[in-house]
Amino acid sequence: MRRSKINALMRDAEAFFAAHRFALPPWAAWSPDEWRAHPAVARYCAERQMGWDITDFGSGDFMRRGLILFCLRNGIAEAPGEVPYAEKLMVVREGQETPWHWHKVKMEDIIVRGGGHLAVEVFAHNADGKRGEGPVVVHCDGIAREVAAGEPVLLAPGESITVPRGLVHRFYGAPGTGTVLVGEVSQVNDDRADNFFLEELPRFAAIEEDAPALHPLWNEVEA
């Protein structure tokens, strides 16, 4: 992805969050120089993977397969005294896919905070590790729902789905409903080690530096 594109996506996301009256922490707006001027904050956030995260999963086509995330809070897995939870915001456009993946450690709630509708598809692994074709029971705001493998679960604003560890899932904005403001609350999140894609995909984008960075991504903050 070009840095100029990432900068534009950040500006769009900032406006989208503001339109939905979701305020970000002050350091969300820091430039790379401001991060360097606050080394203790930089170290804290970088170690916990907090901040901006924009990826196209190596697709080269962000609008088809990509995601904007902002991690608001997080801990460090298995570290004494750390918070055991994480919270993220995401911007998901119509038809824009976050591809099939699962987590070994993290259990999460995916929540539609505003905007359009989110489509979430799930399936379970069989004992041999292959895709299960049987129905899956998921919980949406405490209500048990049985869905066929790969059947879209449509979530309107205010609705959520709980995704247990090991459950394979993907999501995208439901066509015709608009851009979706998505929240995630989970156990401690580790995007370097706890994302397992069904395809050979990079979790982070390769970046072409065609412009100065507006805000650094969390994995670029100098700890």
Side-chain angles (χ1 to χ4, degrees), residues 1-58 62 66-92 98 101 103-111 113-115 160 179-195 202-223:
M1 296 183 69
R2 291 183 177 180
R3 180 69 67 177
S4 58
K5 176 66 172 179
I6 290 173
N7 290 345
L9 290 169
M10 285 178 172
R11 292 188 182 97
D12 287 347
E14 287 172 328
F16 187 66
F17 295 150
H20 288 274
R21 299 182 181 274
F22 201 115
L24 299 177
W27 44 261
W30 284 359
S31 68
D33 285 343
E34 288 173 301
W35 278 103
R36 284 189 285 269
H38 296 82
V41 180
R43 182 169 55 254
Y44 184 93
C45 290
E47 289 175 349
R48 290 160 184 81
Q49 305 180 17
M50 293 165 55
W52 289 100
D53 182 359
I54 298 177
T55 182
D56 64 356
F57 303 102
F62 175 82
L67 187 62
I68 299 173
L69 309 97
F70 190 93
C71 184
L72 295 149
R73 64 201 83 251
N74 196 15
I76 300 174
E78 300 181 359
E82 284 291 321
V83 299
Y85 51 80
E87 180 187 9
K88 290 183 179 182
L89 279 181
M90 295 176 278
V91 180
V92 183
T98 292
H101 66 287
H103 311 288
K104 286 184 179 179
V105 176
K106 183 174 74 171
M107 185 174 186
E108 61 188 321
D109 276 7
I110 298 173
I111 310 148
R113 296 295 192 189
S160 70
T179 300
V180 194
L181 176 61
V182 180
E184 178 190 304
V185 294
S186 72
Q187 293 164 291
V188 169
N189 175 85
D190 185 351
D191 275 317
R192 287 194 172 102
D194 195 29
N195 289 289
R203 169 59 180 79
F204 304 104
I207 300 175
E208 177 186 341
E209 300 293 353
D210 68 331
L214 177 65
H215 313 305
L217 303 175
W218 70 255
N219 59 346
E220 298 172 328
V221 171
E222 298 175 11

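Small disclaimer: the values here were computed from a predicted structure and weren't measured.
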Which atom of [X] lies closest to which atom of [Y], heavy atoms considered:
{"X": "Q187", "Y": "V105", "result": "OE1-O, 3.2 Å"}
{"X": "S186", "Y": "E108", "result": "CB-CB, 3.7 Å"}
{"X": "A213", "Y": "P32", "result": "O-CD, 3.6 Å"}
{"X": "V91", "Y": "A13", "result": "CG2-CB, 4.2 Å"}
{"X": "I54", "Y": "L217", "result": "N-CD2, 3.9 Å"}
{"X": "R203", "Y": "T55", "result": "O-OG1, 2.9 Å"}

ask   = Would W27 and H38 count as a ring pair (Phe, Tyr, Trp, His ring centres under 6.0 Å) if you check the C-alpha gap in whole Å, the side-chain angles of each, and the deciding distance to 0.1 Å?
value = CA-CA 10 Å; W27 44 261; H38 296 82; over 10 Å; no
inquiry  = Checking side chain to side chain contact (heavy atoms under 4.5 Å, CB included) between V182 and each of L69, I111, I110, I68, which is the one that passes?
reply    =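 It is I110; the other options fail the test.
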ask   = Out of E78, Q49, H103, K106, which residue meets the side chain to side chain contact (heavy atoms under 4.5 Å, CB included) rule with D190?
value =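 With D190 as partner, E78, Q49, H103, K106 yield a single side chain to side chain contact (heavy atoms under 4.5 Å, CB included), made by Q49.
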So how far is it from [X] [atom1] to [Y] [atom2], rounded to the nearest 0.5 Å?
{"X": "L67", "Y": "F57", "atom1": "CG", "atom2": "CZ", "value": "5.0 Å"}
{"X": "I207", "Y": "S4", "atom1": "CD1", "atom2": "OG", "value": "11.0 Å"}
{"X": "L181", "Y": "F22", "atom1": "CG", "atom2": "CZ", "value": "7.5 Å"}
{"X": "M1", "Y": "I6", "atom1": "CE", "atom2": "CD1", "value": "5.0 Å"}
{"X": "E87", "Y": "N189", "atom1": "CD", "atom2": "CG", "value": "12.0 Å"}
{"X": "F70", "Y": "M10", "atom1": "CZ", "atom2": "CE", "value": "9.0 Å"}

inquiry  = Consider side-chain hydrogen bond (donor to acceptor under 3.5 Å, both in side chains). Of R11, E220, E14, which one does H215 pass it with?
reply    =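 So, applying the side-chain hydrogen bond (donor to acceptor under 3.5 Å, both in side chains) to H215 and each of R11, E220, E14, only E14 qualifies.
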ask   = What class does the angle between the rings of W52 and F17 fall in, given that below 30° is parallel, 30 to 60° is tilted and above 60° is perpendicular?
value =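 Ring orientation, 0 to 90° scale: parallel.
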task = Give a yes or no on this: more than 12 heavy atoms of other residues, nucleotides or ligands lie within 6.0 Å of atom CD of E208.
result =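 Enclosed.
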task = Flag yes if more than 12 heavy atoms outside R36 fall under 6.0 Å of its CZ atom; otherwise flag no.
result =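 Enclosed.
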message = With salt bridge (Lys or Arg N to Asp or Glu O under 4.0 Å) as the criterion, how do K5 and D56 come out once you've worked through the C-alpha distance, each side chain's angles and the decisive distance to 0.1 Å?
response = CA-CA 11 Å; K5 176 66 172 179; D56 64 356; over 6 Å; no
Sidechain-backbone polar pair: N74 side chain, R48 backbone, donor-acceptor under 3.5 Å =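 Side chain of N74 to backbone of R48, a donor-acceptor pair under 3.5 Å: yes, one is there.
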key: Exam field: side chain D210 to backbone R3, donor-acceptor pair closer than 3.5 Å   =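 Yes: the side chain of D210 pairs with the backbone of R3.
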ask   = Do Y85 and R73 touch side chain to side chain, with heavy atoms closer than 4.5 Å?
value =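 Yes, their side chains come closer than 4.5 Å.
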